[in-house]
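Everything below concerns the one structure shown next.
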Protein chains: 2
Amino acid sequence: MSVPLRLSRGQAKARTRNRLLAAAAEVIAEQGFAGASVDEIASRAGHTVGALYSHFAGKDELFLTLFDEHAAHRLDSVEEIASQWEEDQTVFAALGEYLAEIADRHTVWSTLEMEFLRYALTRPELLDRLAAHWRAPRTAVARLVAPHCAAHDPVAVSTAIIGLLEGLVTQRRVDRAAVPSELFAEALRWLTAGLAHPPGPAAANPPQPPRPACREAGRKHAGRSS
Amino acid sequence: MSVPLRLSRGQAKARTRNRLLAAAAEVIAEQGFAGASVDEIASRAGHTVGALYSHFAGKDELFLTLFDEHAAHRLDSVEEIASQWEEDQTVFAALGEYLAEIADRHTVWSTLEMEFLRYALTRPELLDRLAAHWRAPRTAVARLVAPHCAAHDPVAVSTAIIGLLEGLVTQRRVDRAAVPSELFAEALRWLTAGLAHPPGPAAANPPQPPRPACREAGRKHAGRSS
DNA sequence: GTCTATACATTGATAGAC
DNA sequence: GTCTATCAATGTATAGAC
């Protein structure tokens, strides 16, 4: 096979494409979809609009491509974390650092995800795709935490964990001091520790007397009814 | 004093202003800041650009006004929940329903907040203002949960709680089935129950025995099903 | 205070040269 | 495959009528 010292034609093409996608991610994260001009995207990628339109049908298609490719990337990232997670509990600390890192450096990703969400919210068919994209990481984490879930639904636990972490990332981006990197691990421990608590006995809807005590008490069974 | 059957001049003016702000919230949530045209904002408010520019210096100022006024609204909302929270533990269920309601109906708010965040991320001075706006609800919740925090920092706990709830809201907006309204209360119970765990003795970084009791039994009378 | 009409800039997208 | 030149459409903001 050819050993390309220079890039082959196909490689060069792919390179351009990837640069355009990366630039689009940046600009759209910064300016929003509507605010991002194809011109700026192209020029930040080191090209011009012509190149952009030779790779994508238009701004929308570029955005949607980004949308799908990012989802795959995201899942890989989750599974990478997951693979460490199994090793031992100390991974909480590492996980915390990793997420703090995300909050601090990979800001483009999370901002882009926000924009995906906003964009999809008014487009039902896109919202479905987005939901599908989010399902994979959820089940990946669910599989992971299942052994620690006691009688709780692993998927529900997974959803809570992801929500917790994402919520912390968001807050950290606004106010780094308010969300020290250790808090990720700490909060995760709180949540998982709480799982060990009696899911049955510790009542789902404990109508206990108004008692703001230091210790969480209340062992009463109550049916779920809303 | 004049008893205005009709709106006084000042009232009419305020009414227009509020309508413009409400319309701006909608349109900006849907289209993003850059995508929202002043024309559509004005017309959705039942007015024209002229009215808009007589109330605001421009699109930016309109957005920033929205930004500040929404923060006040948000804080009120949190404190309203907080006031119930103290009453008793059953508020978890009510809180869960409330937040599910937010996720389902007040979508404009949360979308708008995402756009605020994205907009502020590249504007340091705005990011500071945003951080300040988020501080108030955080301390409000912190005061509330302080009695249940054992040795943990109430503000850290508050941050985790807010993150958890916000993360769940976000996921619910994408996939309602994945985040049933009961999960809000449930996750909150997990987290708060975990707080009771040995924060002092067993240190903050407990290398627990490789395997805590992980009963996968899942078979339980009142387990979560619905 | 609000509306109508308009000036001026910017955008997404296309066509043809290389 | 990529660039340059260009067009039609749209958007912000202003000026003057009422």
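Order of the sequence lines sets the chain letters (A, B, ...), proteins ahead of strands, with each chain counted from 1. The basis for the numbers below is simple: all heavy atoms, side chains too, and nothing from hydrogens, waters or symmetry mates. Note that the coordinates shown come from a computational prediction; the quantities given were computed from them, not determined experimentally.
Between A:Tyr98 and A:Ser181, the side chains place no donor N or O within less than 3.5 Å of an acceptor N or O (distance only, hydrogens not considered). In the model, B:Thr48 has no side-chain atom that pairs as donor or acceptor with a side-chain atom of B:Tyr53 under 3.5 Å.
Among the nucleotides C:dT2, C:dT14, D:dC3, the one closest to any side-chain atom of A:Ala51 is D:dC3. You'll find that the side chain of A:Ser37 is closest to C:dT11, out of C:dA5, C:dT11, D:dT4. Taking only side-chain atoms of B:Val49, from C-beta outward, the nucleotide of D:dT4, C:dG1, C:dA5 with the closest atom is C:dA5. The side chain of A:Lys59 sits closest to C:dG12 out of C:dG12, D:dG11, C:dC3. Taking the side chain of A:Val38 as heavy atoms from C-beta on, and the options D:dT4, C:dC3, C:dG12, the nearest nucleotide is C:dG12. Among the nucleotides C:dG1, C:dC3, D:dA13, the one closest to any side-chain atom of B:Lys13 is C:dG1.
Distance CD (B:Gln31) to P (D:dG11): 10 Å, rounded to an integer number of Å. A straight line from CG of A:Asp39 to P of D:dA5 spans 13 Å, rounded to a whole angstrom. Rounded to an integer number of Å, the gap from B:Tyr53 OH to D:dA15 C1' is 14 Å. C:dG1 atom C1' lies 16 Å from atom CD of B:Gln11, rounded to whole Å. When rounded to the nearest whole Å, the span between CZ of A:Phe56 and P of D:dT2 equals 11 Å. To the nearest angstrom, C1' of D:dT2 lies 12 Å from CG of A:Leu52. Rounded to whole angstrom, the span from the CD atom of A:Glu61 across to the C1' atom of C:dG12 amounts to 15 Å. Taking atom CG of B:Asp60 as the reference point, atom C1' of D:dG11 lies 13 Å away to the nearest angstrom.
The one candidate from A:Arg118, A:His133, A:His70 that meets the side-chain hydrogen bond (donor to acceptor under 3.5 Å, both in side chains) condition with A:Glu113 is A:His70.
Within the 4.0 angstrom heavy-atom criterion, base atoms lie near B:Gly50. The residue A:Ala36 sits close only to the backbone: its heavy atoms come under 4.0 Å of sugar-phosphate atoms, none of a base. Here A:Ser54 lies in heavy-atom contact (under 4.0 Å) with a base.
Of the charged side-chain nitrogens involved, none lies within less than 4.0 Å of a carboxylate oxygen, so that B:Arg173 and B:Asp104 do not count as a salt-bridged pair. Contact check on B:Glu30 versus A:Arg123 returns no salt bridge, with no Lys/Arg side-chain nitrogen under 4.0 Å from an Asp/Glu carboxylate oxygen.
Remark: B:Thr16 is in phosphate contact with C:dT2, judged by side-chain N or O atoms under 4.0 Å from OP1 or OP2.
With the nearest nucleotide of DNA chain C identified for both A:Ala57 and B:His47, B:His47 has the one nearer the 5' end.
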